[in-house]
Amino acid sequence: MLRQSTRSLALSASRCAVASTRVASRQVAQRGLQTAVAQGLRLPNCSWQRNSIARAGFHSTSLLCVETVKVPQMAESITEGTLKQWSKQVGDFVNQDEEIATIETDKIDVSVNAPMSGKIVELLANEDDTVAVGQDLLKIEPGEGGGESAPAAKEEKPAAPKEDPPAKDDIKPDASVADKGKAPEPPKKQETPKPAPAAKSEKPAQKGNEKQAVEQKVAGSRNETRVKMSRMRTTIAKRLKQSQEVAASLTTFNEIDMSALMEFRKKYKDLILKEQGVKLGFMSAFAKAACLALKEIPAGNASIDGDSIIYRDYVDLSVAVATEKGLVTPIVRNAESMGLIEIEQAIAGLGKKARDNKLALEDMSGGTFTISNGGVFGSLFGTPILNMPQAAILGIHAIKEKPVVVNGQIVIRPMMVVALTYDHRLLDGREAVTMLVRIKDYIEDPARMLLEPKA
């Protein structure tokens, strides 16, 4: 018995010693880490920090594990952009892959997504700042679900006091009694004051709007508004000016009778829409006609590179699409090998991506020939400007009924004016005119395009 009691006392004493040693070690570790944080020291390895903190029995990862998010790689030819806007602010919680900011480049907007879930600690750039690839953009404190509980608690606090008085009456009696006796009274009291403030608040707002409207309609106003040019608009301006300064531009015009193509479209558009799910328009016909004409006049699909001329066996067709931010030219690759329906599907897909602001840089890089459709805006005719380093651009316009002479008789026909702007350094007048006439011939007799061999 004495031996057992002695052993038990020894065991309990050793356990107490171990426990006291653990407590002491935890306190020492905690003091050491707090001292390191207070002195601004950072431990090198975040995983080691978490393990050591877990052993010490407390958590301070929020002070030690802050990750820096950098400006992502956008494209090979783009090294910087303009920080258009922040989608999140300091203190906001973000989930992994959630959009944090938008960077505007020369051609498209690039989204910056969160590489991890956590809380935003610091923003390292302001809106409208120019940011370079690899530059520090913001700091995130990693965590899971930290941002969802905090807003919920904030929203519940103001709502709780309003519901406290009825809650006391509803908890003690049955729910049915509360509904029968006291439910109708609170709505009456709450509904009566609501219309009064609403009516009062609307009158000043209306008066303020009327004053603003009067101020805007004052005759002889000389107000001015200064808005910074977007990066895309700045790039468009530079490239168009470069086109005028470098290329020897010249434009040739012609008229096309659209009767045959309109009849062709009217006959098959419903069938194609039903079977292929795409609307048959005029753009695909002009694209196919241009590809066939470029096969005969290869200089129209060429470009100048220094002292050399690059001729191509393929046609990467740039289709001009107007967006809210400016004119973009997504590309239909290898248009020469496509049929009308395939071209129409490709153009429709690119147009939708452009309107939804989802075009990638790959969708607009390159291009050997451009078609610009000003007719959708009602343009009767105009001179398109070259999209350098391309050698030519075709402009198509609105269809108007005109009196024309056919077989010695004056008849009314739907006519379209088309324009071909070309770089006179590559194309002579004879080649440019021949190319536009070939396009005219194919459009006025669409069946001819079926008889031509594949481009």
Side-chain angles (χ1 to χ4, degrees), residues 69-87 99-113 123-138 223-249 251 303-305 316-331 350-374 376-377 379 382-393 395 421 423:
V69 180
K70 299 181 180 295
V71 177
Q73 187 73 30
M74 291 174 282
E76 294 181 359
S77 59
I78 295 180
T79 58
E80 64 179 18
T82 301
L83 182 59
K84 186 177 180 182
Q85 66 176 6
W86 286 108
S87 304
E99 183 177 320
I100 303 175
T102 303
I103 298 176
E104 184 183 41
T105 67
D106 297 346
K107 296 182 179 180
I108 61 172
D109 290 348
V110 177
S111 298
V112 180
N113 299 325
L123 302 179
L124 303 177
N126 299 319
E127 293 184 355
D128 295 331
D129 285 355
T130 299
V131 293
V133 173
Q135 176 182 332
D136 293 346
L137 193 60
L138 73 153
N223 294 333
E224 295 181 354
T225 303
R226 182 181 294 271
V227 179
K228 183 179 179 180
M229 289 181 67
S230 65
R231 183 174 288 268
M232 181 181 290
R233 176 54 59 185
T234 302
T235 302
I236 291 173
K238 290 180 180 179
R239 295 191 64 181
L240 294 181
K241 188 60 180 176
Q242 178 189 10
S243 177
Q244 287 184 330
E245 293 175 350
V246 174
S249 299
T251 304
S303 63
I304 295 177
D305 184 14
D316 283 350
L317 186 65
S318 301
V319 182
V321 177
T323 65
E324 294 180 355
K325 299 179 181 179
L327 188 71
V328 295
T329 53
I331 298 168
L350 291 171
K352 186 177 185 304
K353 290 176 69 175
R355 289 187 294 271
D356 295 341
N357 196 27
K358 293 182 179 180
L359 284 174
L361 290 173
E362 294 77 13
D363 295 326
M364 294 184 289
S365 300
T368 61
F369 183 80
T370 300
I371 297 181
S372 177
N373 185 6
V376 295
F377 305 108
S379 173
T383 56
I385 190 168
L386 287 173
N387 184 16
M388 296 296 293
Q390 298 177 15
I393 177 173
T421 298
D423 190 345

Partners meeting side chain to side chain contact (heavy atoms under 4.5 Å, CB included) with T368 (sequence neighbours left out): N301, R312, Y314, V315, D316
For the student: nearest non-hydrogen atoms of [X] and [Y], plus distance:
| X | Y | answer |
| --- | --- | --- |
| W86 | A101 | CE3-CB, 3.6 Å |
| Q390 | G366 | NE2-O, 4.3 Å |
| D129 | N126 | OD2-N, 2.9 Å |
| A247 | L386 | CB-CD1, 3.7 Å |

About how many Å separate [atom2] of [Y] and [atom1] of [X], when rounded to the nearest 0.5 Å?
| X | Y | atom1 | atom2 | value |
| --- | --- | --- | --- | --- |
| T82 | K228 | OG1 | NZ | 5.5 Å |
| S243 | D423 | OG | CG | 8.0 Å |
| Q85 | I100 | CD | CD1 | 13.0 Å |
| L83 | E104 | CG | CD | 10.5 Å |
| D136 | L123 | CG | CG | 12.5 Å |
| I371 | T329 | CD1 | OG1 | 12.5 Å |

Only counting residues at least two apart or in another chain, list the ones meeting salt bridge (Lys or Arg N to Asp or Glu O under 4.0 Å) with [X].
| X | result |
| --- | --- |
| K241 | none |
| K353 | D363 |
| K352 | D356 |
| D128 | none |

Do side-chain atoms of Q73 reach the backbone of V133 as a donor and acceptor pair under 3.5 angstrom?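 Judged by distance alone, no pair lies under 3.5 Å.
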Counting distance only, does the side-chain N/O of R239 pair as donor-acceptor with the main-chain N or O of M388 below 3.5 Å?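 Yes: the side chain of R239 pairs with the backbone of M388.
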Run the side chain to side chain contact (heavy atoms under 4.5 Å, CB included) check on V71 and E80 step by step: do they pass? CA-CA 9 Å; V71 177; E80 64 179 18; over 6 Å; no
So do the side chains of [X] and [Y] get within less than 4.5 Å of each other, counting heavy atoms only?
| X | Y | answer |
| --- | --- | --- |
| V319 | L350 | no |
| I304 | P389 | no |
| E99 | N113 | yes |
| I331 | S318 | yes |

Only counting residues at least two apart or in another chain, list the ones meeting side-chain hydrogen bond (donor to acceptor under 3.5 Å, both in side chains) with T421. T251
